[in-house]
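Structure first, commentary second.
Computation of the quantities below employed the complete heavy-atom set of this structure, encompassing side-chain atoms and omitting hydrogens, waters and symmetry-equivalent molecules. Each chain gets a letter, A, B and so on, in the order its sequence line appears, and its residues count up from 1.
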Amino acid sequence: MSCETDARVVEVQRRALEANEEQAARLRNRFAAAGTLVVNLISSPGSGKTTLLEATVRRLGASLRCGVLEGDVATERDADRIRALGVPAHQILTGGACHLDARLVERGLDEAAFGELDVLFIENVGNLICPTNYDLGEDFKVALLSVAEGDDKPFKYPAIFSRAEVTVVTKADLLPHLPFDLDAVRERVGTLRPGGTFLVTSATTGDGVDAWCGLIEARLRAKRNG
Amino acid sequence: MHEMGIALEILRIAGESVPDGARIERVAVAVGELSAVEPELLAAAWEAAVAGGPQAGAALEIDWRPARQTCAACGEIPERVPGSWLRLCPRCGMPLGIEGGGELDVLRVVYVEDAEETDGEVA
C-alpha cells in the first residue's frame, strides 16, 4: 500500500491502566469519606486468606463493623464461610479473570450494600502475579505466604512482596514439619520491602492473630485521626 | 493473564488518540521490567485484541525499559538476575536503590486518516 507516506504520529503518553487508577482513586475518596479502612489480601490459592479472615472477624467483629468482598473465579463458598460468622460478605465472581480490578470492586460494593463499615477486607483472587498491578482503592496490600509454599517464594514472586506493606506468614503451626526457614523469609521480604511489617500467624492455634488484629485496629485509628 | 485486559486498555487509549475513522498502523508502548507484564504475553494478547476488529493488523511496538539498580557502595549494577527484583547488591550484599522499570504507558500512535477511502464518505 502506498499510504505509508500518509502516516501521522500522535504522542500519547498515558498510563495503560489509567482507567483502573482513576476508578481506584474514586473508591479511595469514597472510603476516606466513610472512614472505612480497606485491606487488599493477596496470596496464592490455598494460602489461608479466608481462614485468616474467619479468625480476624471472630476477634474484631464484636467491636468493629467488618465487611468482606470475596473474589473468586467460581462459587459462593468463601462468602458463605464469612457469613456463617455473622459478618456481611459478598462474593465477586470473576468468571475466569485472574484478579479483581477497581470496577469489579465498585460493582461488588454497590451490590453488597454493606452500609457503614469500619473495616472492609477485600480477598483477591488467589494469584501472586496479576493482582499486583490493580489498585483497588485500598489503604494497603497484604501478601500472605503459607509455610507449606516454601521459603523461596518472596524471590520467585518479588513484585507482590515489594508492593505489599504487610506480609503475613500463615499456617505457622506447621513449621515443625517443614523445611521452612522463617528468618530467611523475614530477611528476603525485608530486602524487597524495606520497612514493611512482617507477621507470623496460625489461624489454627491463634498465634499471631492478636498482633494482626492489633495492626488493623491501629491502622483504622490512624486513618480516622488523620 | 492480566495482559489481555491491558491490551484492551491500550487499544482503547490508542483509539481515543486518533481521529474518528483513522486506521491505526502501530502503537508504541513502554513496558518496564517491574511492571509485572510479560512482553510476549502482551504481544499475543494484542494480536487477539485487534483480530477481527476495525484495527485488525495494527502492530504493537514494545519498548522494554529495564530498572536501574544502584548500590550506595558499588555504584551502578549492570548485572541482572533473570526474573528477579533483587534489592541486594550481588557484589556486596547491601540494599540496592531502584530507579525506573515501573513503566506501563502508551507512548504514541502511528495512524492513517483514510476514512474517506474506506468508508466511502467522499464529499
Euclidean distance, A:Cys98 SG relative to B:Glu3 CD, rounded to 0.5 Å: 8.0 Å
Which heavy atom of B:Ile10 sits nearest a heavy atom of A:Ala16, and at what distance? CG1-CB, 4.0 Å
Here the gap from A:Ile129 atom CD1 to B:Glu38 atom CD, rounded to the nearest 0.5 Å, amounts to 9.5 Å
Taking the side chain as every heavy atom from C-beta outward, state whether A:Arg14 and B:Ser17 have any atom pair closer than 4.5 Å. yes
Taking CZ in A:Arg8 as the centre, count heavy atoms belonging to other residues, nucleotides or ligands within less than 6.0 Å. Is the count above 12? no
Chain B heavy atoms under 4.5 Å from A:Phe161: which part of the residue, side chain, backbone, both or neither? neither
Would you please go through residues 100-108 of chain B and name the residues with a non-hydrogen atom below 4.5 Å from one of chain A, in numerical order? B:Gly102, B:Glu103, B:Leu104, B:Asp105, B:Val106, B:Leu107, B:Arg108
Identify whether the distance between the nearest side-chain nitrogen and carboxylate oxygen of B:Arg12 and A:Glu18 falls below 4.0 Å. yes
Residue pair A:Ala7 / B:Val110: nearest heavy atoms and the distance that separates them: CB-CG1, 3.8 Å
Per the ring pair (Phe, Tyr, Trp, His ring centres under 6.0 Å) rule, what does the pair list look like for residues 37-66 of chain B, sequence neighbours excluded? none
Side-chain contact, heavy-atom cut-off 4.5 Å: B:Val109 with A:Val9? no
Keeping to residues at least two apart or across chains, list the side chain to side chain donor-acceptor pair (under 3.5 Å) pairs with something in residues 141-151 of chain A. A:Ser44-A:Glu149, A:Ser47-A:Glu149, A:Glu138-A:Lys141, A:Ser146-A:Glu149, A:Glu149-A:Lys153
Option from A:Leu17, A:Asn133, A:Asp101 for which side-chain contact (heavy atoms from CB on, under 4.5 Å) with B:His2 holds: A:Asn133
When rounded to the nearest 0.5 Å, the distance separating CG of B:Leu34 from OG of A:Ser162 is 7.5 Å
Under 3.5 Å, which donor-acceptor pairs link side chains of residues 72-79 of chain A to any protein atom two or more places apart or in another chain?
unit_1  : atom_1 : unit_2  : atom_2 : d
A:Asp72 : OD2    : A:Gln91 : NE2    : 3.1
A:Thr75 : OG1    : A:Arg77 : N      : 3.4
A:Glu76 : OE1    : A:Arg83 : NH2    : 2.8
A:Asp78 : OD2    : A:Thr50 : OG1    : 3.1

CD of A:Gln13: more than 12 outside heavy atoms within 6.0 angstrom? yes
